[in-house]
**Student:** 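Take a look at the following structure, please.
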Amino acid sequence: MSNVLIVVEAQPDGSLRKATLNAITAGKQIVAKTGGELHAVVLAKDAGALANTVKEYGVKVVHAGSAAHLTNFTADVVAPAGAEIATAIKAEFVGAAATQAGRDVMPRIAARLKAAMASEILGVVGSSGADLQFTRPMWAGAVIATVKLGTAIKCFTARTTEFPMAEKAGAGEVKAFAPAAPAKSLQKVVAFKEVKSARPALTEAKVVVSGGRGTKGDFKEIDALADELGAAVGASRAVCDAGWQPNDLQIGQTGKVVAPQLYIAAGISGAIQHIAGMKGSKTIVAINKDAEAPIFQVADYGLVADLFKALPELRAAVKAAK
Amino acid sequence: MPIKILVTAKRVEDYESKIKVNPAGNGILPDGLKYKINPFDEIGVEEALRLVAKHGGGEVVVVSVGTKDVHEQLRHALAMGATKAVWVNHTGPLDQMMIAGCLQKIIEKEKPDMAILGKQAIDDDQNQVGQYLAEWLGWSQATFASKEESLESEAEKSKTPALKLSADMKSLTAIREVDGGLETLECTMPCLVTTDLRLNQPRYASLPGIMKAKSKPIEEHTPASLGVSATSNITITKMEHPPARKAGIKVPDIAALVDKLKTEAKVI
C-alpha cells in the first residue's frame, strides 16, 4: 500500500485549474499499480470551496489546508505545508501538474521530503509499486527515458497532454487542517499582469492557430482565423523574444505544451524546440513560404504559400463551410 | 555596495545537435555532438555580470559539476567576465539532488549574496536544482525570471539588469513567467533565482576576456570532499526515440486543404 498525494492548483479567481485533473489521472494510474489511496491537498487562504470541488473526481480524501499565509501560492509557504500533509498521510508518491506553478513548487516539496523527482512525466509503467517507473522527455523530447526513483518518497509533475482529465467519480471526504505558519515570510507577490483573452486557454483549446517569424509581428490574420475557428492563439519563440506577443503564448520545449485536435502553424519554420511543444496535436497544418522548412516534416497537411494571402482565404473557406 | 553572486555552467549538448539513442538503449551516441554551456545558465551568468556592474563591482563565482571537460564551460563563463571558477570533479550521472547538495556546500563556503541558475538544463530538462537548493538553504526562490521589456528593447541594449535589488540589498524584485501572465515577486535576500529565456541576451566573450580566462585558476572539489553522496537517486533504465509522426502531404491550395480537413481529418 502506498498512498499518492496530488497538489491542487487554483486559477487566479480561486476556481480549479483544469491541469490538476490531468495530474489526478496520473495519480489514479499510480494507485492502480500500487494499491494505495489517492489523496489531494488544497493550500489556500480558504481551501474549503476548492476542496469540495476536487473531492468529486475520485479522490479518497482531500486535505483542505487553510491559512492566511497561503493567500499566494508561493513555493516558500506551499513546500512546508505540502510536505507536512505528505508526511502525515505517509504518501509514497507526491505530484502535481506540470504547469508553471507545479514546476515551481513541486521540486521544493521534494527537497523538503528528501525525495527524488521526475519532471513532466508522460506515463506510468511497471506492473506493481515495487517496479513502478515513469517515462519522461529529455533533450526537448528527442528522447523518451524510463526512470526509476530510488528514494523512499518519489515526486513528479505530470505533462497535462499525456493524461486525460479525471472525470467525476463519486464524492470523497474533505478533511480540514491548519498548516503551521513559517517563522518568516520569504516571498511576496506584489503584482500579477494577466494576459486577458476572450479566446479559449491555449492548453485546453481544441484548435490552436500559431504564428511565427513569418508574421513579422503582424498577428491580425492569425487572430482573425482563430476567432473564426473558436481557437486559441499561440506563437513561436522568435515572436515572443521580439516582444510581438506575450511570453505566455510561447509553444515549445520550455513554454506551453499543447495537443489540440487541430494545430495550424503559420510562418513557423519548426525548430525542434517548437515541435517539442506541439507534436502531440492530432492534425497539424503548416503554412510557410519556404518549402524546405522543417515544420513540413511533422505536418499532416503542408501548404507552401504566403501566410498573408493564405490565411484570409482559409478564413473565408472555413466561414463558407459552416 | 559590491555584490557577490554564484552562478552555474552545466555542460550540455548544443541545442541544434541531433540526439541519437545508442543501440543498447541506455545512452546517446557521442558522434558529432558539440558541447556548450547550458543556454539558461549562460543567461544567469549575463544577469549576474549586469548586477555586479550596476552595484559598483563584486564577484561572480561560477560552478560546474562533471568531468574535466566542464573546464571548457567554466572558462566560457570566465571569458564573459566571471571572477572565479569552481569545479566539482565527478564522473557519472548528474543527479539533481547530488548537484543541489554540492552547490549548497559551495554556497556555505563562498557565502554569496544570491545565486542565479538556469531554470533547466536542455539535456535532462528536469527543472529542479534551483528549487531543491533554495529549500535546503532556506532561501527565497524566484523561478522563471523574465522581464516585461522585449529582447529588442532599449533596456536590453543598455544591458540593464532585469532583477531589481533594493538600495539596502535586503530584497530583490523579479518578474516571473507564471501561468496566464507575468508576476512581480518580491523576495528577501539571499535569493535563489532561476532564469527563463527572455531575462536577457547573453554577451559574447571579448578576445582579451578569452585570453585572460585561459590562465585563471580553477578551484577543484569532489562530491566526497564536499561531504555529498555521489550515489544517484534517479536511474534511467531505458532510452528510446518517440514514435515519429507519419509523413504528411503537401496540398496545392486552400481549397484542397479545407477539403482534407473536412473529409479526411474531420477536424472542421
Side-chain angles (χ1 to χ4, degrees), chain A residues 12 75-76 79 99-101 103-104 107-108 111-112 116-117 119-120 133 137-151 186-195 237 240-243 247-248 254 261-262 273 279 283 285 298-304 310 313-314 317-318 321, chain B residues 13 15 19 21 28 96-97 100 120 122-128 131-132 134-136 140-141 143-144 146 150-153 177-188 197-198 233-242 245 247-251 254-255 257-258 260-262 265 267-268:
Chain A
D76 59 332
T99 55
Q100 288 293 88
R103 291 166 180 155
D104 180 44
R108 192 157 182 153
R112 215 170 161 91
M117 175 170 161
S119 297
E120 312 267 329
Q133 301 188 34
M138 295 174 72
W139 290 284
V143 172
I144 307 300
T146 305
V147 300
K148 194 169 172 66
L149 303 181
T151 45
L186 298 175
Q187 299 169 210
K188 191 168 77 184
V189 176
V190 292
F192 173 54
K193 194 171 150 196
E194 193 173 3
V195 178
R237 176 179 172 182
C240 299
D241 278 2
N247 297 346
D248 192 49
T254 70
Q261 294 290 304
L262 174 61
Q273 289 76 12
K279 68 179 174 193
T283 300
V285 171
V298 296
D300 299 285
Y301 306 114
L303 177 66
V304 181
E313 275 184 49
L314 180 54
V318 167
Chain B
E13 291 75 18
Y15 75 97
I19 304 294
V21 174
I28 59 167
Q96 282 71 31
M97 295 171 84
Q120 70 193 65
I122 63 163
D123 50 3
D124 59 40
D125 285 331
Q126 282 272 47
N127 192 337
Q128 297 175 0
Q131 294 91 319
Y132 273 89
E135 172 61 31
W136 289 344
S140 60
Q141 76 181 47
T143 51
F144 325 139
S146 188
S150 87
L151 289 178
E152 290 168 16
S153 65
E177 297 206 8
V178 299
D179 303 288
L182 291 175
E183 175 187 279
T184 309
L185 186 72
E186 199 179 284
C187 294
T188 57
L197 282 175
R198 280 168 285 273
N233 290 302
I234 301 179
T235 312
I236 295 177
T237 56
K238 187 163 86 174
M239 279 193 192
E240 59 196 325
H241 291 293
R245 274 189 82 95
I249 56 161
K250 290 254 173 68
V251 290
I254 289 290
L257 174 62
V258 171
K260 288 284 183 198
L261 292 178
K262 263 165 72 177
V267 286
I268 59 169

**Student:** Does a donor on one side chain and an acceptor on the other come within less than 3.5 Å for A:D300 and A:T283?
**Tutor:**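 There is no such pair between these side chains.
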
**Student:** For chain B, find which of A:V147, A:N247, A:T151, A:L262 contributes the most heavy-atom pairs closer than 4.5 angstrom.
**Tutor:**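 If we count pairs closer than 4.5 Å to chain B, A:N247 comes out on top.
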
**Student:** Is the closest side-chain donor-acceptor distance between A:R108 and B:Q141 under 3.5 Å?
**Tutor:**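 Yes.
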
**Student:** Please flag which part of A:Q187 lies under 4.5 Å from any non-hydrogen atom of chain B: side chain, backbone, both or neither.
**Tutor:**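 Contact with chain B is through both the backbone and side chain of A:Q187.
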
**Student:** Looking at every non-hydrogen atom in both residues, tell me the closest pair between A:A310 and A:L303 and how far apart they are.
**Tutor:**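 Where A:A310 meets A:L303 most closely, the heavy atoms are CB-CD2, 4.2 Å.
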
**Student:** Could you give the distance from NE2 (B:H241) to CD1 (B:I28), rounded to the nearest 0.5 Å?
**Tutor:**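 With rounding to 0.5 Å, NE2 (B:H241) is 9.0 Å from CD1 (B:I28).
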
**Student:** Check salt bridge (charged side-chain N to carboxylate O under 4.0 Å, His left out) between B:D124 and all other residues, then give those that pass, not counting sequence neighbours.
**Tutor:**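 Checked B:D124 against salt bridge (charged side-chain N to carboxylate O under 4.0 Å, His left out); matches are B:K10.
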
**Student:** Strictly by modelled atom types, are A:S119 and B:Q128 linked by a side-chain donor-acceptor pair under 3.5 Å?
**Tutor:**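 Looking only at side-chain atoms, B:Q128 and A:S119 do form a donor-acceptor pair, the distance falling under 3.5 Å.
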
**Student:** Measure A:P12 against the heavy atoms of chain B and call it side chain, backbone, both or neither at under 4.5 Å.
**Tutor:**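 Neither part, no heavy atoms under 4.5 Å.
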
**Student:** Please flag which part of B:I234 lies under 4.5 Å from any non-hydrogen atom of chain A: side chain, backbone, both or neither.
**Tutor:**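 Its backbone and side chain both get close to chain A.
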
**Student:** What part of B:M239 gets within 4.5 angstrom of chain A, counting heavy atoms only: side chain, backbone, both, or neither?
**Tutor:**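 Both backbone and side chain of B:M239 come within 4.5 Å of chain A.
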
**Student:** Using a 4.5 angstrom heavy-atom cutoff, name the option from B:T235, B:I268, B:T143, B:V267 with the most pairs to chain A.
**Tutor:**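 Option with the top pair count is B:T235.
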
**Student:** For B:V258, is it the side chain, the backbone, both, or neither that has a heavy atom closer than 4.5 Å to a heavy atom of chain A?
**Tutor:**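 Only the side chain of B:V258 comes within 4.5 Å of chain A.
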
**Student:** Is it the backbone or the side chain of B:L185 that comes under 4.5 Å from a heavy atom of chain A, or both, or neither?
**Tutor:**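 When you check distances to chain A, atoms from both the backbone and side chain of B:L185 fall under 4.5 Å.
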
**Student:** Give, as side chain, backbone, both or neither, the part of B:V178 having an atom under 4.5 angstrom from any heavy atom of chain A.
**Tutor:**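 Contact with chain A is through both the backbone and side chain of B:V178.
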
**Student:** Let's test your reading of the structure: which of A:G141, A:A191, A:A116 forms the most heavy-atom pairs below 4.5 Å with chain B?
**Tutor:**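 Heavy-atom pair counts peak at A:A191.
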
**Student:** For each of A:A142, A:A299, A:A75, tally heavy-atom pairs with chain B at distances under 4.5 Å, and name the one with the top tally.
**Tutor:**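 Of the candidates given, the most pairs with chain B belong to A:A142.
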
**Student:** In terms of side-chain heavy atoms, does A:T146 have a donor or acceptor partner in A:Q133 at a distance below 3.5 Å?
**Tutor:**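 Absent: no donor and acceptor within the cut-off.
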
**Student:** Answer yes or no: is there a side-chain heavy-atom contact under 4.5 Å between B:P242 and A:I144?
**Tutor:**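 When only atoms from C-beta onward are counted, A:I144 and B:P242 do touch, with a gap below 4.5 Å.
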
**Student:** Who among A:G243, A:P107, A:G150, A:A79 has the most heavy-atom pairs with chain B under 4.5 Å?
**Tutor:**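 Option with the top pair count is A:P107.
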
**Student:** Between chain B and each of A:M117, A:E313, A:Q261, A:E120, count heavy-atom pairs under 4.5 Å; write down the option with the most.
**Tutor:**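 Between A:M117, A:E313, A:Q261, A:E120, the count favours A:M117.
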
**Student:** Shortest non-hydrogen contact from B:G180 to A:D248?
**Tutor:**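 Heavy-atom minimum between the residues: N-OD1, 3.3 Å.
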
**Student:** For the pair A:Q273 (side chain) and A:R237 (backbone), establish whether a donor and an acceptor sit closer than 3.5 Å, ignoring hydrogens and angles.
**Tutor:**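 Answer holds: no.
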
**Student:** Please round to the nearest 0.5 Å and tell me the distance separating atom CZ of A:R112 and atom CD of B:Q131.
**Tutor:**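 Rounded to the nearest 0.5 Å, the CZ-CD separation comes out at 15.5 Å.
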
**Student:** Name the member of B:G248, B:S140, B:C187, B:A255 that forms the most heavy-atom pairs with chain A at distances under 4.5 Å.
**Tutor:**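 Result: the option with the highest number of such pairs is B:S140.
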
**Student:** What residue in B:L182, B:T188, B:V21, B:L261 has the most heavy-atom pairs under 4.5 Å with chain A?
**Tutor:**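 With the most close heavy-atom pairs to chain A, the winner is B:L182.
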
**Student:** For the candidates B:S146, B:G181, B:A100, which exhibits the highest count of non-hydrogen atom pairs separated by less than 4.5 Å from chain A?
**Tutor:**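 When all of B:S146, B:G181, B:A100 are compared, B:G181 has the most.
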
**Student:** Looking at chain A, which one of B:E152, B:K250, B:E13 has the largest number of heavy-atom pairs inside 4.5 Å, strictly under?
**Tutor:**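 Ranked by heavy-atom pairs under 4.5 Å with chain A, first place is B:K250.
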
**Student:** Decide whether A:Q100 and B:D179 meet the rule of one side-chain donor and one side-chain acceptor closer than 3.5 Å.
**Tutor:**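 Note: A:Q100 and B:D179 side chains miss the donor-acceptor criterion.
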
**Student:** What residue in B:L151, B:D123, B:L257, B:N127 has the most heavy-atom pairs under 4.5 Å with chain A?
**Tutor:**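 Heavy-atom pairs under 4.5 Å are most numerous for B:D123.
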
**Student:** Between B:W136 and B:M97, is there a side-chain heavy-atom distance shorter than 4.5 Å?
**Tutor:**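 Counting from C-beta outward, B:M97 and B:W136 do come under 4.5 Å.
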
**Student:** Which of the residues A:V190, A:V318, A:V285 is involved in the greatest number of heavy-atom pairs with chain B at under 4.5 angstrom?
**Tutor:**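 Greatest number of close heavy-atom pairs with chain B: A:V190.
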
**Student:** Checking A:A101 against chain B: side chain, backbone, both or neither under 4.5 Å from a heavy atom?
**Tutor:**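 Backbone plus side chain of A:A101, per the 4.5 Å heavy-atom cut-off to chain B.
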
**Student:** Side chain from CB out, backbone as N, CA, C, O: work out which of these in B:S153 comes under 4.5 Å of a heavy atom of chain A, or both, or neither.
**Tutor:**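 Neither part; nothing is under 4.5 Å.
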
